[in-house]
Amino acid sequence: MPESSGTGELDDIAGLGYERARDELANVVKMLEQGGMDLDDALALWERGEALANRCEEHLAGARQRIETALAESGDPE
């Protein structure tokens, strides 16, 4: 894995959809579990994984809010 170029490398995550971020996160986890990389590469990969997990959480929070709004507008007590 190439060395991290700082936050610029993580900026691309902001534009990812849920499924793409989730799939890439699963890949990151698999690579970390396999090991065999030096500490700097592992840390960079870990940071990317954290950013991907946060992006997934943002999508899920947005979906949750949309559902709650739709239920409130429909008058459903749930």
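A donor-acceptor pair under 3.5 Å links the side-chain atoms of Arg55 to the main chain of Ala14, judged by distance alone.
Going from atom CD of Glu58 over to atom CD1 of Ile13 covers 10.0 Å, rounded to the nearest 0.5 Å.
With hydrophobic clusters built from ILVMFWY side chains whose heavy atoms lie under 4.5 angstrom apart, Leu60 does not share a cluster with Leu25.
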Next on the checklist: Using the rule given for side chain to side chain donor-acceptor pair (under 3.5 Å), can you reason through Glu73 versus Thr69, listing the C-alpha separation, both sets of side-chain angles and the distance that settles it, and then say yes or no?
Outcome noted: CA-CA 6 Å; Glu73 290 173 357; Thr69 299; 5.8 Å; no
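The two residues Leu32 and Ala42 have their closest heavy-atom pair at CD2-O, 3.7 Å. Contact between Leu45 and Met31 at its shortest, heavy atoms only, is CD2-CB, 3.6 Å.
Under the salt bridge (charged side-chain N to carboxylate O under 4.0 Å, His left out) criterion, the residue pairs touching residues 13-27 are Glu24-Arg48, with sequence neighbours excluded.
Residue Leu52 forms a side chain to side chain contact (heavy atoms under 4.5 Å, CB included) with just one option from Asn27, Val29, Leu16, and that option is Leu16.
Judged as a side chain to side chain donor-acceptor pair (under 3.5 Å), and not counting sequence neighbours, Glu33 has no contacts.
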